[in-house]
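Some notes on the structure that comes next.
Whatever order the structure lists ligands and atoms in, that order sets their numbers, starting from 1. Because the structure is a prediction, the values reported are computed rather than measured. Note that these values count all heavy atoms, side chains included, but never hydrogens, waters or copies made by symmetry.
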Amino acid sequence: MNKQMKHAALLLAVLIGITGCASAGGQGADAGTAGGKRQVVNVYTARHYEVDSALFRDFTERTGISVNEIKGTPEELVEKMRQEGGLADLFVAVDGGSLQLAKQSGVLQPMESEVVKRQVPAQWRDSEGYWTGIASRSRVIVYAKDRVRPEELSTYEELTDERWRGRVLARSSASLYNQSLLASFIRLHGEAAAGAWAKGIARNLARQPEGGDRAQAKAIADKVGDVAIMNTYYIGQMLASQDPGEKEIADKIGVFFPNQETTGTHANISGIGLAKHAPNRDNAVRLAEYLTSPEGQTLLINGSYEFPVNASADMPELLRSWQQHKRQELDIAGLGNLHERAAVIFERSGWK
Ligand code: FE2
């Protein structure tokens with residue numbers, strides 16, 4: 001190829017890049033073919049929701065940047081990042097404690113993006129920029145609509161009352177969600193009160209814990225128990241499910257936001273952090289900016305039924321009806337430091 005032809009080919013590539021991008025949402029001209037090298041971003045994710053793949057596809061369509069998803073538990077991924085050094089670009093997790101673990105393990109670096117800062121309120125970001133929330137979720141009490149009136153419910157603590165004996169459902173205490181919940185009680189009320197609560201719930205359980213949050217909803221529909229502790233978004237996903245069986249279960253269940261008159265409902269986050277040695281740093285930042293943008297957030301929450309961190313997201317009616325509630329005012333990531341204590345307290349409580 002002579003010099004002139006090379007120049008023409010380059011110009012053509014740039015033009016394809018520009019028009020390709022403009023038609024896919026006008027995200028800028030430095031598309032995937034920049035420099036002739038295929039653009040990628042390596043995402044190490046502990047999330048397990050179908051919508052994430054749709055989000056990454058949409059991001060690729062808009063930018064030309066391919067997303068490689070590497071899945072694992074937060075601990076596995078952090079360890080992998082530590083051993084590999086420079087392969088991961090973006091870390092994704094579903095618990096503030098996991099984001100804290102990644103930060104404290106030294107596998108993240110602060111993300112300098114004014115766009116992300118503008119799109120995500122400070123309450124959902126690490127003050128030093130090591131991670132940012134992309135969605136929030138609340139851990140609530142759900143109840144059998146035909147056997148429990150919402151007026152009978154008030155707080156997490158009240159579920160330890162004798163009148164709930166044999167009626168409470170919850171997943172295993174080994175779950176990160178329950179550990180963060182108990183950690184929040186340790187922070188709010190101290191270890192003794194947190195221990196009394198765990199014991200009280202263990203005493204009132206309708207059965208030994210089995211299955212995830214969805215399984216507790218099913219157990220309510222099957223009349224195994226009357227109330228359960230679970231995350232809001234599972235109910236949203238079940239109501240929107242293509243599986244009529246799931247929808248039927250969710251239709252029988254009411255959602256109650258506890259502790260509105262006291263310390264607030266327990267909230268947690270899904271979040272992301274820039275890998276310390278990210279080889280595709282700019283692409284990772286662009287993905288972070290996309291995930292927190294109104295478009296990305298709208299797609300995310302309409303699939304996962306988590307709450308958006310960007311108020312400009314277009315919320316489905318169900319989420320709008322749930323959105324306004326008092327949440328615990330706690331350093332969510334800091335709760336990660338209390339997980340070990342929570343595990344010890346659970347162990348003593350008899351909550352398996
Ligand atoms: Fe989940």
Quick one, E84 and Y44 - any side-chain contact, counting heavy atoms below 4.5 Å?
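Contact flag for E84/Y44 side chains = yes.
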
Just jot down the side chain to side chain donor-acceptor pair (under 3.5 Å) partners of [X], sequence neighbours excluded, or say none.
X	answer
S113	E289
R47	D52, S270, E306
S136	none

Following the transitive rule for hydrophobic clusters with a side-chain heavy-atom cut-off under 4.5 Å over Ile, Leu, Val, Met, Phe, Trp and Tyr, establish whether V140 and V148 coincide in one cluster.
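Result: no, two separate clusters.
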
Cluster question for you: counting only ILVMFWY and a side-chain heavy-atom cut-off of under 4.5 Å, with indirect links fine, are I301 and L291 together?
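As far as the 4.5 Å side-chain criterion goes, L291 and I301 are connected within one cluster.
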
Listing by chain and number, which protein N, O or S atoms are under 2.8 Å from the Fe ion (ligand 1)?
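Protein N, O or S atoms closer than 2.8 Å to the Fe ion (ligand 1): Y49 OH, Y177 OH, Y233 OH, Y234 OH.
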
